[in-house]
Engineer: 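Before I ask anything, let me first share the structure, which is written out below as structure tokens.
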Amino acid sequence: QVQLVESGGGLVQAGGSLRLSCAASRRTFTVYRMAWFRQAPGKECEFVAASNWSGLSTYYADSVKGRVTISRDNAKNTLYLQMNSLQPADTAVYFCTAGPGEGAPDTSDSYDYWGQGTQVTVSS
């Protein structure tokens, strides 16, 4: 079982930046691919970014490409999401996810473990 705890969300003005963190409980964090998803009010859950187990292979949604960077520190069992040039459309609850296997897929069913989420609100 893997427990994931997100932090770093908050209120930011348009054009600002936030860095989300996700702390994983399990020591074998390194074998898991990980991703960030988000869900805005009244909308379906949306893929944001993914990383393979090593962090050398990453994948981004077109809506955030160039503004967001996913990274991981396997020594600290921690996943990060650096978000720059934030816009009101980025307002959502952001979820950290983890799952066994290779690659960095963008489908929610590729990830078995989900955190509780952290709220990101971008004001105009």
Side-chain angles (χ1 to χ4, degrees):
Q1 188 76 7
V2 176
Q3 290 184 327
L4 304 170
V5 179
E6 303 97 335
S7 61
L11 174 64
V12 64
Q13 288 188 332
S17 299
L18 281 175
R19 187 194 195 200
L20 305 184
S21 298
C22 172
S25 62
R26 187 164 172 161
R27 292 180 191 175
T28 55
F29 174 82
T30 53
V31 304
Y32 287 87
R33 59 193 179 199
M34 301 195 71
W36 291 94
F37 287 78
R38 67 186 182 186
Q39 188 166 23
K43 295 187 177 181
E44 293 189 354
C45 194
E46 174 190 27
F47 169 76
V48 177
S51 167
N52 76 329
W53 69 272
S54 69
L56 294 179
S57 177
T58 57
Y59 184 60
Y60 297 93
D62 288 342
S63 59
V64 302
K65 198 173 295 182
R67 300 188 296 119
V68 164
T69 302
I70 188 172
S71 62
R72 61 193 295 166
D73 185 339
N74 286 345
K76 295 182 179 180
N77 288 356
T78 303
L79 179 75
Y80 302 100
L81 187 71
Q82 177 67 45
M83 302 189 292
N84 301 322
S85 302
L86 284 163
Q87 300 301 318
D90 296 314
T91 295
V93 177
Y94 283 69
F95 297 93
C96 171
T97 67
E102 298 292 328
D106 60 359
T107 54
S108 58
D109 59 5
S110 298
Y111 301 91
D112 298 330
Y113 305 104
W114 291 67
Q116 293 298 308
T118 185
Q119 176 71 47
V120 171
T121 303
V122 184
S123 63
S124 57

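Position 1 is the first residue of the sequence, and the numbers go up from there. Because the structure is a prediction, the values reported are computed rather than measured.
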Engineer: Mind listing the closest non-hydrogen atom pair of Gly103 and Pro105 along with its distance?
Structural biologist: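 For Gly103 and Pro105, the tightest heavy-atom pair comes out as C-CD, 3.5 Å.
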
Engineer: List the atom pairs, donor and acceptor, that lie under 3.5 Å between side-chain atoms in residues 13-23 and the rest of the protein, sequence neighbours left out.
Structural biologist:
{"residue": "Ser17", "atom": "OG", "partner": "Asn84", "partner atom": "OD1", "Å": "2.9"}

Engineer: Mind checking what makes side-chain contact (heavy atoms from CB on, under 4.5 Å) contact with Ser57, not counting sequence neighbours?
Structural biologist: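 Counting only residues at least two positions away or on another chain, Ser57 forms a side-chain contact (heavy atoms from CB on, under 4.5 Å) with Asn52.
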
Engineer: Please, which pairs that meet salt bridge (Lys or Arg N to Asp or Glu O under 4.0 Å) have at least one residue in residues 49-68, sequence neighbours excluded?
Structural biologist: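 Passing the test, one end in residues 49-68: Asp62-Lys65, Arg67-Asp90.
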
Engineer: Restricting to pairs with a member in residues 79-89, which pass salt bridge (Lys or Arg N to Asp or Glu O under 4.0 Å), not counting sequence neighbours?
Structural biologist: none

Engineer: Got a sec, which hydrophobics cluster with Phe37, joining ILVMFWY side chains under 4.5 Å apart, including via others?
Structural biologist: Phe47, Tyr59, Val93, Phe95, Tyr111, Trp114

Engineer: Determine which pairs satisfy salt bridge (Lys or Arg N to Asp or Glu O under 4.0 Å) with at least one residue from residues 99-120, sequence neighbours left out, and list them in order.
Structural biologist: none

Engineer: Going by the rule side-chain contact (heavy atoms from CB on, under 4.5 Å), which residues pair with Ser51 if we only count those two or more places apart in sequence or in a different chain?
Structural biologist: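 Expected list: Thr58, Ile70, Arg72.
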
Engineer: With disulfide bond (SG atoms under 2.5 Å apart) as the rule and sequence neighbours excluded, what pairs involving residues 45-95 come up?
Structural biologist: none

Engineer: Atom OG in Ser54, atom CZ in Arg33: separation rounded to 0.5 Å?
Structural biologist: 13.0 Å

Engineer: Once side-chain hydrogen bond (donor to acceptor under 3.5 Å, both in side chains) is applied, do any residues pair with Thr69, and if so which ones, sequence neighbours excluded?
Structural biologist: none

Engineer: Could you pull out all donor-acceptor pairs under 3.5 Å where a side-chain atom in residues 3-11 meets a protein atom, sequence neighbours excluded?
Structural biologist:
{"residue": "Glu6", "atom": "OE1", "partner": "Gln116", "partner atom": "N", "Å": "3.2"}
{"residue": "Glu6", "atom": "OE1", "partner": "Gly117", "partner atom": "N", "Å": "2.9"}
{"residue": "Glu6", "atom": "OE2", "partner": "Cys96", "partner atom": "N", "Å": "2.8"}
{"residue": "Glu6", "atom": "OE2", "partner": "Gly117", "partner atom": "N", "Å": "3.2"}

Engineer: Sequence neighbours left out, what pairs pass salt bridge (Lys or Arg N to Asp or Glu O under 4.0 Å) with at least one residue falling in residues 42-56?
Structural biologist: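 Non-adjacent pairs meeting salt bridge (Lys or Arg N to Asp or Glu O under 4.0 Å): Arg38-Glu46.
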
Engineer: Could you note down all residue pairs passing disulfide bond (SG atoms under 2.5 Å apart) where residues 46-75 supplies at least one of them, sequence neighbours left out?
Structural biologist: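 As it turns out, there is no disulfide bond (SG atoms under 2.5 Å apart) pair with a partner in residues 46-75 once direct neighbours are skipped.
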
